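Heads up, the thing below is written out as structure tokens.
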Amino acid sequence: MGGGALMQGGRIILGCIAAWVTGSLAMTISALATGAGNGTVLGVVVTFLTWLYFGLLPAIPLTVLAFVLWVVLARYGATVRWWYAPASTFCIGVVLFSDSFDERLSLLWLLIAALFVGAAFWLGAFGMHRHVRLALPGQPPR
């Protein structure tokens with residue numbers, strides 16, 4: 001992936017923004033399935049904006065976590081594959097929502113949402129590349 005290591009850090013932020021919006025959309029769909037929004041366009045928009053707002057609460061620390069993880073992996077010149085993003089998103093989701101598993105949040109819904117959120121992160125950060133070698137700014141190639 002071209003553009004240099006400094007651009008790679010910016011792409012991590014773009015991937016986190018894409019994951020935040022996709023996660024908010026997934027939560028909006030889940031809320032609408034339970035009757036939120038009253039079936040009106042305004043209700044759907046308000047529900048989505050509400051989830052965008054409340055999605056910032058986990059999005060900010062998870063963005064910091066993703067950035068720290070990028071720095072650690074890039075320090076060693078690691079190569080990451082596309083499926084790491086959905087798999088790690090699922091694992092993080094299980095940890096974050098482990099006390100919420102009931103009739104409203106099933107493991108299957110979390111798996112589906114994690115696939116979309118992880119894919120949104122990967123596409124936002126790295127595009128259609130199947131694997132990417134991470135690098136820090138000024139780091140010589142290995």
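We number each residue from 1, following the sequence as shown. Fair warning: this is a prediction, and the values are worked out from it, not measured in the lab.
For the pair Leu49/Leu52, a side-chain contact is recorded, criterion being any heavy-atom separation below 4.5 Å from C-beta on. Counting heavy atoms from C-beta on, the side chains of Phe116 and Leu25 never come closer than 4.5 Å. Looking only at side-chain heavy atoms (C-beta outward), Val132 and Trp82 stay at 4.5 Å or farther from each other. Side-chain atoms of Phe126 and Ile12, non-hydrogen and from C-beta on, do get closer than 4.5 Å to each other. For the pair Phe48/Leu32, no side-chain contact is recorded, criterion being any heavy-atom separation below 4.5 Å from C-beta on. Residues Phe90 and Leu115 fail the side-chain proximity criterion, which asks for heavy atoms closer than 4.5 Å. Taking 4.5 Å as the limit, every side-chain heavy atom of Thr79 sits out of range of all side-chain heavy atoms of Leu134. Within the 4.5 Å cutoff, no side-chain heavy atoms of Val44 are placed close to those of Thr40.
Distance check, rounded to the nearest 0.5 Å: OG1 of Thr22 to CG of Leu123 gives 9.0 Å. Separation of atoms CE (Met27) and OG1 (Thr50) is listed at 12.0 Å; rounding is to 0.5 Å. Separating the CG atom in Leu62 from the CG atom in Leu56 is a distance of 11.5 Å, to the nearest 0.5 Å.
Cluster membership check: Val71 shares its hydrophobic cluster with Val80, using side-chain heavy-atom separations under 4.5 Å among Ile, Leu, Val, Met, Phe, Trp and Tyr. Trp83 and Ile112 fall into different hydrophobic clusters, defined by Ile, Leu, Val, Met, Phe, Trp and Tyr side-chain heavy atoms under 4.5 Å apart, directly or through other members. Hydrophobic clustering, with ILVMFWY side chains joined whenever heavy atoms are under 4.5 angstrom apart, groups Leu69 together with Leu136.
What you find for Phe121 and Cys16 is that their closest heavy atoms are CD1-N, 3.5 Å. Looking at every heavy atom in both residues, Ala113 comes nearest to Ala26 through CB-CB, 4.2 Å. Heavy atoms only, all atoms of each residue included: Gly118 and Ala85 are closest at O-CB, 3.4 Å. Closest approach of Gly9 and Phe67 over heavy atoms only: O-CE1, 3.5 Å.
Phe54 and Trp51 have perpendicular rings, their planes meeting at more than 60° on a 0 to 90° scale where under 30° would count as parallel.
Not a single donor-acceptor pair under 3.5 Å links the side chain of Trp122 to the backbone N or O of Pro86. Side-chain N or O atoms of Gln8 include one that pairs as donor or acceptor with a backbone N or O of Ala135 at under 3.5 Å.
Through side-chain heavy atoms spaced under 4.5 Å, either directly or across other Ile, Leu, Val, Met, Phe, Trp or Tyr residues, Val117 is tied to no other residue.
With a 6.0 Å radius and a threshold of 12 heavy atoms from other residues, nucleotides or ligands, Tyr84 has its OH atom above the threshold.
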